[in-house]
Amino acid sequence: MEQTSSGDARHDPRDRRRAGNEIKAALRDLRIQLALLNHQVGGKLALKDVDLDCLDVLARSGPLTPSALARQAGLHPATLTGILDRLERGGWITRDRARGDRRSITIRVLPDRGVEVFRLYQPMISAMDDLLDDYSSDELDVIAGFLRRSTEAGRTSTEKLAGQDS
């Protein structure tokens with residue numbers, strides 16, 4: 001990184017506070033826009049937002065047990081049962097029983113249905129590709145790092161808040 005003098009705006013506490021507040025506001029705006037997009041996609045597919053969340057977790061993580069899915073999606077197991085029933089009725093998932101232990105179940109997304117979801121997100125994916133073209137590889141590395149660290153901060157905060165309920 002480039003060395004700067006002590007008079008650089010990056011070291012002015014007011015400028016840093018202002019920039020930090022702008023970033024936090026932009027993240028909130030992004031969260032709202034993504035929630036609105038997910039709600040629209042869910043509406044087109046007759047899925048609830050939480051259904052899309054579970055499908056996304058399964059698509060990213062691969063087949064999971066119900067308890068692992070509940071943990072990753074942040075859902076109570078009893079709540080997840082209703083979601084899984086809905087997704088199975090809609091032809092989105094299947095519950096596979098383990099051969100050695102018929103009580104053990106693994107949930108997986110049916111691959112042909114993912115195309116429907118991808119098609120609805122394609123305009124956002126294309127817009128993001130266009131946006132990312134405006135940045136250098138080094139800038140993209142910084143942005144990706146920031147987003148990973150922000151995700152971890154959110155995960156840590158969620159775990160702390162959940163721990164307060166115990």
Side-chain angles (χ1 to χ4, degrees), residues 1-45 47-80 82-84 87 92-93 107 109 114-166:
M1 297 207 86
E2 176 182 307
Q3 291 292 333
T4 59
S5 67
S6 61
D8 190 326
R10 289 187 294 178
H11 297 288
D12 183 332
R14 290 173 301 199
D15 288 341
R16 288 184 58 80
R17 189 170 31 258
R18 179 197 49 76
N21 287 338
E22 286 180 17
I23 290 169
K24 289 180 235 175
L27 286 171
R28 289 174 72 188
D29 292 342
L30 175 60
R31 187 205 61 78
I32 290 167
Q33 288 307 310
L34 291 175
L36 292 170
L37 175 62
N38 289 341
H39 188 72
Q40 288 297 315
V41 168
K44 302 276 186 208
L45 299 171
L47 294 171
K48 296 182 179 190
D49 293 353
V50 70
D51 298 344
L52 277 174
D53 291 343
C54 288
L55 288 174
D56 193 32
V57 168
L58 287 166
R60 293 186 67 170
S61 299
L64 295 170
T65 65
S67 58
L69 177 58
R71 230 181 355 270
Q72 287 191 36
L75 297 169
H76 189 277
T79 303
L80 183 64
I83 294 167
L84 295 178
L87 290 173
W92 291 97
I93 62 157
I107 302 150
V109 176
V115 174
E116 294 176 63
V117 178
F118 182 80
R119 180 182 55 81
L120 293 171
Y121 281 110
Q122 187 55 50
M124 179 61 171
I125 294 167
S126 294
M128 290 301 299
D129 288 341
D130 292 344
L131 176 84
L132 295 173
D133 283 344
D134 293 340
Y135 294 93
S136 71
S137 293
D138 288 343
E139 290 170 324
L140 292 173
D141 287 342
V142 170
I143 293 167
F146 170 78
L147 292 172
R148 279 191 301 274
R149 292 174 64 197
S150 297
T151 299
E152 187 54 39
R155 183 177 296 113
T156 300
S157 298
T158 300
E159 289 168 359
K160 284 181 184 176
L161 191 57
Q164 292 175 0
D165 294 339
S166 303

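The figures that follow rest on heavy atoms only: side chains count, while hydrogens, waters and symmetry mates do not.
Distance check: Arg16 CZ to Asn21 CG gives 12.0 Å after rounding to the nearest 0.5 Å. For the atom pair CG of Asp29 and CD of Glu22, the computed distance is 11.5 Å after rounding to the nearest 0.5 Å. Distance CG/Leu161 to OG1/Thr156: 12.5 Å, rounded to 0.5 Å. Here Phe146 contributes atom CZ and Thr151 contributes atom OG1; the two are 9.5 Å apart, rounded to the nearest 0.5 Å. Interatomic distance, CG of Asp49 versus CD of Gln40, reported as 10.0 Å (0.5 Å rounding). In this structure, CE on Met124 lies 10.5 Å from CG on Asp129, to the nearest 0.5 angstrom.
The residues Glu159 and Arg155 are annotated as not salt-bridged, no charged nitrogen and carboxylate oxygen being separated by less than 4.0 angstrom.
With sequence neighbours left out, the side chain to side chain donor-acceptor pair (under 3.5 Å) criterion links Tyr121 to Asn38. With sequence neighbours left out, the side chain to side chain contact (heavy atoms under 4.5 Å, CB included) criterion links Ser157 to no other residue.
Residues Glu139 and Val142 are not in side-chain contact: their nearest non-hydrogen atoms beyond the backbone lie 4.5 Å or more apart. Residues Val117 and Trp92 form a side-chain contact, since some pair of their non-hydrogen atoms from C-beta on lies under 4.5 Å apart.
Partner of Leu87 under the side chain to side chain contact (heavy atoms under 4.5 Å, CB included) criterion, out of Val109, Asp51, Leu58, Ile107: Asp51 alone. Between Leu69 and the choices Ile93, Leu75, Leu64, the side chain to side chain contact (heavy atoms under 4.5 Å, CB included) rule is met once, by Leu64.
Scanning both residues, Arg119 and Pro123, for their nearest heavy atoms gives O-CD, 3.7 Å. Taking every heavy atom of both residues into account, Leu120 and Lys44 meet most closely at CD1-CB, 3.8 Å. Taking each heavy atom of Leu84 and Pro66 in turn, the nearest pair found is CD1-CB, 4.4 Å. Across Cys54 and Leu80, no two heavy atoms sit closer than the pair SG-CD1, 3.9 Å.
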Can Leu47 and Val41 be said to form a side chain to side chain contact (heavy atoms under 4.5 Å, CB included), step by step? CA-CA 8 Å; Leu47 294 171; Val41 168; over 6 Å; no
Go through Ile83 and Lys48 one step at a time and tell me if the side chain to side chain contact (heavy atoms under 4.5 Å, CB included) criterion holds. CA-CA 9 Å; Ile83 294 167; Lys48 296 182 179 190; over 6 Å; no
